[in-house]
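First comes the structure, then the notes that go with it.
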Amino acid sequence: MLKAENIHKSYNGLNVLKGIDLSIDKEEVVSIVGTSGAGKSTLLHILGTLDVPDEGKVLFDDVEVSSLNQKKMALFRNERIGFIFQFHNLFPEFTAIENVCIPALIRGDSDADKRARHLLEILGLSGREEHKPSELSGGEQQRVSVARALINEPSVVFADEPSGNLDSQSADDLHQLFFDLRNKIGQTFVIVTHNMELAGMADRKLEIKDGIITT
Ligand code: ADP
């Protein structure tokens, strides 16, 4: 479903990615590991269309996203891709439900409220809908960001160190949630993590070393 072919990326003469090839199937949970600075986030951003490779292709089904113009790429990203970041990136002035609805409103879907409430409910956040991020625990904030990632029913959710800022119990709960979502709704996840437990739970663990995937 998602393929990357011969991805190269350099920053100011530093060759970070030197020919990455990978293929991810629907309903897979794949982890990406590697030392700090190995290029994990760079790869995730390129796969998620937040950045473009210097060379190589990213294909979703048969769409070559790396060749879309900026406007089409933004539309594609909004409709087909969900993101979860280490520091949840929720808007502090908006409530949980409003934060979850934002990607759907951008898409012009005015019917998102009901789906957002349902998502918050299945993520164990009933009763927290009207809370602002500062009124939620770290684990709850991250679950709101999971709901936001899922609101447009994306093909893939990309997560960059999603539990990096959580206590160990909240981290374990979040990791379990990814697998529950895969089992229940068939969600595909690609997760960059330092957490070896999470990396090991994944269907496949890819390691980036010296700019290429070694496993
Ligand atoms: P990881 O996620 O594995 O820790 P990154 O992908 O964040 O690694 O970064 C890989 C390397 O690329 C690092 O040396 C980093 O400093 C560099 N890098 C990443 N993004 C940029 C950027 N926008 N501009 C310049 N250098 C960057």
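What you are looking at is a predicted structure, and each value in this text was computed from that prediction instead of being measured. Remember, it's 1-based here, ligands and their atoms both numbered in the order they're listed.
The pair Glu140-Lys132 does not meet the salt-bridge criterion, since no charged nitrogen lies less than 4.0 angstrom from a carboxylate oxygen.
The side-chain contact (heavy atoms from CB on, under 4.5 Å) with Ile24 is formed by just one residue from the set Asp203, Thr188, Val29; it is Thr188.
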Checklist line | Test log, rule side-chain contact (heavy atoms from CB on, under 4.5 Å), inputs Asn89 and Arg148 | finding: CA-CA 11 Å; Asn89 293 10; Arg148 178 183 57 183; 4.2 Å; yes
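In this structure, Ser36 counts as a contact residue of ligand 1, since one of its heavy atoms falls inside 4.0 Å of the ligand.
Using a 4.0 Å cut-off between heavy atoms, Thr42 contacts ligand 1 through both its backbone and its side chain. Under 4.0 Å from ligand 1, the heavy atoms of Thr35 that appear belong solely to its backbone.
In terms of polar-atom proximity, defined here as any N/O pair under 3.5 Å, Gly37 does make such a contact with ligand 1. Considering both main-chain and side-chain atoms, Ser41 comes within under 3.5 Å of ligand 1 through a nitrogen or oxygen pair.
Tyr11 CE2, 3.6 Å is the protein heavy atom nearest to atom 23 (N) of ligand 1. Nearest non-hydrogen protein atom to atom 12 (O) of ligand 1 is Val16 CG2, 3.3 Å. Closest protein heavy atom to atom 8 (O) of ligand 1: Gly39 N, 3.2 Å.
With contacts defined as side-chain heavy-atom distances shorter than 4.5 Å, the pair Val100/Ile97 does not qualify. No side-chain heavy atom of Glu64 sits less than 4.5 Å from a side-chain heavy atom of Glu5.
Across all their heavy atoms, Val156 and Met1 have their closest contact at CG2-CE, 3.4 Å. The shortest heavy-atom contact between Leu105 and Asp109 is CD2-O, 3.9 Å.
Contact annotation for atom 16 (O) of ligand 1: protein absent (non-hydrogen atoms, distance under 4.0 Å). Per-atom contact check: atom 10 (C) of ligand 1 touches the protein, criterion being a heavy-atom distance below 4.0 Å.
Of all atoms in ligand 1, listed by their number and element, those nearer than 4.0 Å to a heavy atom of Leu14 are 14 (O).
Using modelled atom types and a 3.5 Å distance limit, the side chains of Gln176 and Asp172 yield no donor-acceptor pair.
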